[in-house]
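Worth saying up front: this structure is predicted, and the values here are computed from it rather than measured.
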Amino acid sequence: MKKFTLKSNYTPTGDQPEAIDQLTRGLETSLPEQVLVGVTGSGKTFTMANIIERTQRPTLIISHNKTLAAQLYQEFRDYFPDNAVSYFVSYYDYYQPEAYIPQTDTYIEKETEINDEIDKLRLAATTNLLTRPDTIIIASVSCIYNIGSPKEYGHFVLELRPGVRISRESMFERLVKLQYERSEYGFHRGTFRVRGENIDIFPAYENESIRVVVSDTGISSITRHDPLTGKTIEKLPGTVIYPAKHYMTDPQKYKPVFAQIQNDLDARVKEFTAQKKFIEAQRIRERVTYDLEMIQEAGFVNGIENYSRYFDGRKPGDPPYSLLDYFEEAAKRNWLLFIDESHMTVPQIRGMYQGDRSRKQTLIDYGFRLPAAIDNRPLRFEEFQRRMPQTIYVSATPDDWEVSRVIGQSGATAVVEQLVRPTGLMDPTIDIRPSAGQIDDLIREVEIRVSRKERTLVTTLTKRTAEDLTKFMTDRGLKVQYLHADVETLERSDILDDLRRGTFDVVVGINLLREGLDLPEVSLVAVLDADKEGFLRSRTSLIQTMGRAARHINGRVILYADSTTKSMAAAIAEVERRRAAQEAFNRTHNLTPVSIHKPIRSRLVEKEVEIVTDIEASVLPKAVEAMTPLDKKRKVAELTKLMREASKDLDFETAARYRDMISSLHDA
């Protein structure tokens, strides 16, 4: 049995060793939940990796967006090259959910563009989980959505070994039941082909194909091949082929399931008719009758997931099967859950169910779906909690909810802090200054930083203020750029890179809390209207904002305010507490703080940026109006190819840009 083996040139330093020890002890003493409070740059990911190696448990790490999940996936893949590190996020490059807008009587049909590479990684994740104990899965909150029963998925397998007597026809039949398609020319994931005695199978979750040689006496040999060149990679003693799709159901169940759906349909039609909703009654009858005919004939219909409750054998209101159920099937309760950036991820998990239900309920009320569609959904938060194994919340600023969950637990310390950075850098010093004359004072402070070739971040409360301040400071001779939601995603990255290069001295924004915002050249963070209570000036937001100055040896924060709010007082107290702990550690260990020096990340390939610009120009309203349907189809195909390439490289910001362009063409 393979064990988790962490490979790194680094060893735990600072207060990482103590954090690793405390969290591991908490797991060993069966603490259900713990919190890791780790300041920016303290190496929280490395701490998680060490805990996984020590505990030797299958692990799920949930992040609140695809981009951060991709970063974690790459880091853990480097830390555990010999183990099964998997990536599980939503596999849609483009997703338009089915919806109905009663006010305008507009029905929007479901439209999707599935990313084959992410689909493969999702299937690899569940296959690894059911076959290998050394599995780590990095997931977005899509892990709480319905993916079908793990028992059904694990039941539908094809075991192959040399010497086993099996006819070619039986193998074909089994592969088709596993949702593999026979394709003699287009050999790709999820297909198989036949060449004489050779049966080539391309598993949906792997990069290599499997060749099975079947003679009159049974299976002669099994080998792994490069699907492009056909070159033999290795000879296999046997193999197990898992399904090509997550959602699997036994065709023998169709008859009783169809009868149940028909009964529910009849009841729904009767209900609509009694309410004199004749259009809705006709609509639901036609829709469900068509769907049943398609499932019976083709085994699939667009929107089949709306009938998942029937095929899964679930009762109304029962929770769906999610990735957490696969962990439970594989490891029972002996697995580990990390919730990364928990202050963002937990609220996102909590809010998923209501958003999904609202859209589905409208479809049900107007006769587009049966009430059972409501059960194809994400987990409710309480259902998610019931499925949680031992859990560690990871954040620089955990919410009160996470902390309250662990306070009062018996055993080891449940809130573990990681406050020391490997470079000895401390949190910034903080000044509170009156708002009267704040702009002139800010400009003087910025000019001091410019003379030292340092950079400044300024946060305001509104877009208008950010733009006006940018113009005013530019007129005073400074190089300033604003940054807010109206600035395109790719431009935001370019602006921040230009700040680091010195193209700009100052960036003015509204919410500069973006996780992963790494700007070592920034030595000053100025917060205007710091005493205006609200989301942007809450304790958590202020701590996150002030942390942007923690990468520089001269890090300083100026809060412009006429009074000290509760949030300000709490944030200042926390930063000062952390700074005192860091200073004491440096003094004890004779550690001299040094600024972080990091190379500027390579920009997106210039050619690709030019392509994006050209495409944007081509989808301006006038250009779209001049396009023929064929032109639009060709442009969509071109954009789709670029979108898939960006997603394959895990560059989801660029992929999202292409997706939006495709959407604009569809809507035109």
For the residue pair Arg287 and Phe368, would you count it as a cation-pi contact if the rule is NZ or CZ under 6.0 angstrom from the ring centre and within 45 degrees of the ring axis? no
Looking only at atom types and distance, does a side-chain atom of Arg77 sit under 3.5 Å from a main-chain N or O of Ala84, one as donor and one as acceptor? no
Backbone of Glu638 reached by a side-chain donor or acceptor of Thr640 within 3.5 Å: no
Is the backbone N or O of Asp356 less than 3.5 Å from a side-chain atom of Arg377, with the two atoms forming a donor-acceptor pair by type? no
Output every pair passing salt bridge (Lys or Arg N to Asp or Glu O under 4.0 Å) with a member in residues 124-149, not counting sequence neighbours, ordered by first then second residue. Arg132-Asp134
For a side chain to side chain contact (heavy atoms under 4.5 Å, CB included) check, start with the C-alpha distance between Arg333 and Glu328, then their side-chain angles and the critical distance, and finish with the verdict. CA-CA 6 Å; Arg333 300 300 290 177; Glu328 192 63 23; 3.2 Å; yes
Can you give me every donor-acceptor pair (side chain of residues 194-205, partner residue at least two apart or in another chain, under 3.5 Å) with its distance?
{"residue": "Arg195", "atom": "NH1", "partner": "Glu184", "partner atom": "OE1", "Å": "2.9"}
{"residue": "Arg195", "atom": "NH2", "partner": "Glu184", "partner atom": "O", "Å": "2.9"}
{"residue": "Asp200", "atom": "OD1", "partner": "Arg211", "partner atom": "NE", "Å": "2.7"}
{"residue": "Asp200", "atom": "OD2", "partner": "Arg193", "partner atom": "NE", "Å": "3.1"}
{"residue": "Asp200", "atom": "OD2", "partner": "Arg211", "partner atom": "NH2", "Å": "3.1"}
{"residue": "Tyr205", "atom": "OH", "partner": "Val240", "partner atom": "O", "Å": "3.4"}
{"residue": "Tyr205", "atom": "OH", "partner": "Tyr242", "partner atom": "N", "Å": "2.9"}

Is it true that the NZ or CZ of Arg182 lies under 6.0 Å from the centre of Phe172's six-membered ring and within 45 degrees of the ring axis? yes
Just by distance, do the side chain of Asn128 and the backbone of Ala125 share a donor-acceptor pair under 3.5 Å? no
Who are the side-chain contact (heavy atoms from CB on, under 4.5 Å) partners of Gln262, not counting sequence neighbours? Leu265, Asp266, Leu292
Measure from the side-chain N and O atoms of Lys277 to the backbone N and O of Asp365, and report whether any donor-acceptor pair falls under 3.5 Å. no
Between Asp325 and Arg387, is any pair of side-chain heavy atoms under 4.5 Å apart? yes
Has the side chain of Thr127 got a donor or acceptor atom that lies under 3.5 Å from a matching backbone atom of Ala124? no
Donor-acceptor pair, side chain of Arg268 and main chain of Ile364, under 3.5 angstrom: yes
